Enquirer: 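This is the structure I have questions about; it appears just below.
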Amino acid sequence: MSRRKFLKTSALGVGGILLAKCVSGAEDKNIVEEKVVAKTTNKPIVISTWNHGLAANNTAWEILSTGGNALDAVEAGVRVTESDAKNRSVGLGGNPDREGKVTLDACIMNHENECGAVAFLQDIEHPISVARKVMEDTPHVMLVGKGAYDFAIEKGFEHKDLLTPEAKADWIKWKESEAQKKPEINSENHDTIGMLAMDADGNISGSCTTSGWAYKLHGRVGDSPIIGAGLFVDNEVGGACATGMGEAVIRIAGSATVVELMRQGRSPKEACKEAVERIIKKHKDIKGLQVGFLAINKNGEVGGHSVYAGFNYAQKDNATEEMKDAAYEMEW
Ligand code: SD4
């Protein structure tokens, strides 16, 4: 091979096979060899934030592994977390705001840049599915509060009280504590689920759903339902989602920034790291400010990065089913 001169490389299909034509040197110049170099895209694949991502990925995988599409997968996947009463940051059982109300934020985005979102939604167990209905059944992108609730009821979603006795008891304890003077986001009180999937056709969709910052001000909306902040997908490039302090993510248009960095040639890991560095640069006081980004590109390469240690994500594809620790900038 050392004498052979590489002549031409052409890509066959998206992330498909590379066909390299090679010709030998002067002594045997009539020999033309066609060599197939495997450069397969890792698909289908699903990734999602935090430990609860494992169960959510399993449901998404049932769809992806049987030829289903990424949009269906990311909706079905995060619905698992939304229904898990033990998870205190998403859907049923999510921590309430300062007034004891569970208010939910969610968004979804497909491979055609279509997107839907709900924010400050109460008493509906699956905000992600309402977000999808906003995307598919209305000319709008986002509905909030009572408008989102009324829309959900009209679409057949059931009213459900999402404040579990456990979450209520913790909220009462919090109200009586010193902590209530300054709401903080820390490693215990955030674990939004953001999910990104690429299906067998190579199309990417994403979803993000949360009850947000525990004991937030009533009416507060975070990054999770905001397209470009908590989630962004551009099927030509890849997708990204965010977890952690939403205010910081919004300030740098976090997920859109990660996708744009990948467009400029960064790997998912590099793009997430650069977005985290930008957050650090733009905040005078970074103490306790946790943000994590997770991203995937069109080759099915994955990366994550966070401000502080501790952010992890779940990955499932044909070869892998595991939790991975994201790289980070600082120890707590
Ligand atoms: C928010 N980003 O409401 C969400 C909270 C969270 O992981 O991620 N947690 O700001």
Side-chain angles (χ1 to χ4, degrees), residues 47-53 56 78 81-82 84 86-91 93-98 101-109 117-122 127-128 131 142 144-145 148 162 167 182-196 206-232 240-258 272 275-276 279 282-283 286 288-295 304-314 323 325-326 328 332:
I47 54 175
S48 55
T49 54
W50 305 111
N51 290 329
H52 50 225
V78 303
T81 324
E82 287 179 339
D84 179 0
K86 286 195 230 78
N87 182 301
R88 302 297 288 277
S89 290
V90 181
N95 283 319
D97 64 15
R98 293 172 82 87
K101 308 272 190 233
V102 181
T103 73
L104 305 178
D105 297 339
C107 73
I108 193 160
M109 189 164 191
V118 290
F120 192 53
L121 174 64
Q122 296 178 52
I128 198 65
M142 182 184 274
V144 307
L162 304 176
K182 189 173 183 282
E184 278 185 350
I185 204 151
N186 59 43
S187 53
E188 278 86 52
N189 70 9
H190 66 86
D191 46 9
T192 293
I193 186 157
M195 176 177 277
L196 299 158
S207 60
C208 188
T209 177
T210 191
S211 54
W213 186 340
Y215 316 135
K216 59 197 174 186
L217 288 179
H218 187 62
R220 180 262 189 189
V221 169
D223 61 315
S224 304
I226 297 180
I227 296 294
L231 175 73
F232 197 68
C241 59
T243 179
M245 191 185 277
E247 284 74 0
V249 176
I250 293 170
R251 281 184 193 123
I252 67 146
S255 294
T257 292
V258 172
C272 291
V276 163
I279 285 194
K282 299 287 180 189
H283 288 82
I286 200 75
L289 192 163
Q290 174 66 315
V291 167
F293 290 108
L294 178 61
H305 204 92
S306 55
V307 177
Y308 286 95
F311 171 44
N312 62 0
Y313 59 93
M323 291 304 305
D325 290 327
Y328 56 90
W332 285 96

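Ligands are counted one by one from 1 in listed order, and the atoms in each one are counted from 1 as well. For the numbers below, each heavy atom of this structure counts, side chains included, while hydrogens, waters and symmetry mates do not. Keep in mind that what you see is a predicted model, and the values were worked out from it rather than measured. The residues of the chain are indexed from 1 along the displayed sequence.
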Enquirer: Under 3.5 Å, N or O to N or O, is G246 touching ligand 1 that way?
Expert: yes
Enquirer: With respect to T243, determine whether any N or O atom, backbone or side chain, lies less than 3.5 Å from an N or O atom of ligand 1.
Expert: yes
Enquirer: Using a 4.0 Å heavy-atom cut-off, which part of R220 comes near ligand 1: side chain, backbone, both, or neither?
Expert: side chain
Enquirer: Hey, looking at atom 2 (N) of ligand 1, which of D223, I250, I226, I193 has the closest heavy atom?
Expert: D223
Enquirer: Going by the atom numbers of ligand 1, which of them fall below 4.0 Å from some non-hydrogen atom of S224?
Expert: 2 (N), 4 (C)
Enquirer: Looking only at non-hydrogen atoms, which of V90, V249, T192 approaches atom 8 (O) of ligand 1 most closely?
Expert: T192
Enquirer: When you measure from the heavy atoms of S89 to every atom of ligand 1, does any distance fall below 4.0 Å?
Expert: no
Enquirer: Please identify which of these residues, D105, T81, V90, meets the side chain to side chain contact (heavy atoms under 4.5 Å, CB included) condition with T209.
Expert: V90
Enquirer: Over all heavy atoms of both residues, which pair between N95 and S211 is shortest? Give the atoms and the distance, please.
Expert: N-OG, 3.7 Å
Enquirer: Which of the numbered atoms in ligand 1 are below 4.0 angstrom from a heavy atom of W213?
Expert: 3 (O)
Enquirer: Under 4.0 Å between a Lys/Arg side-chain N and an Asp/Glu carboxylate O for E247 and R220?
Expert: yes
Enquirer: Can you tell me which portion of T49 lies within the under-4.0 Å heavy-atom range of ligand 1? Options are side chain, backbone, both, or neither.
Expert: neither
Enquirer: Can you list the ligand 1 atoms lying under 4.0 Å from a non-hydrogen atom of G212?
Expert: 3 (O)
Enquirer: Out of the candidates T103, L162, L104, only one should pair with Q122 under the side chain to side chain contact (heavy atoms under 4.5 Å, CB included) rule; please name it.
Expert: T103
Enquirer: As an exercise, identify every atom of ligand 1 less than 4.0 angstrom from a heavy atom of D191.
Expert: 7 (O), 9 (N)
Enquirer: If you look at every heavy atom in V249 and A229, which pair is closest and at what distance?
Expert: CG1-O, 3.3 Å
Enquirer: Has K216 got a side-chain atom pairing as donor or acceptor with G222's backbone, closer than 3.5 angstrom?
Expert: no
Enquirer: Kindly state whether the ring of F120 and the ring of H218 have centres lying under 6.0 angstrom apart.
Expert: yes
Enquirer: So, applying side chain to side chain contact (heavy atoms under 4.5 Å, CB included) with T49, which one of D191, L294, L196 is it?
Expert: L294
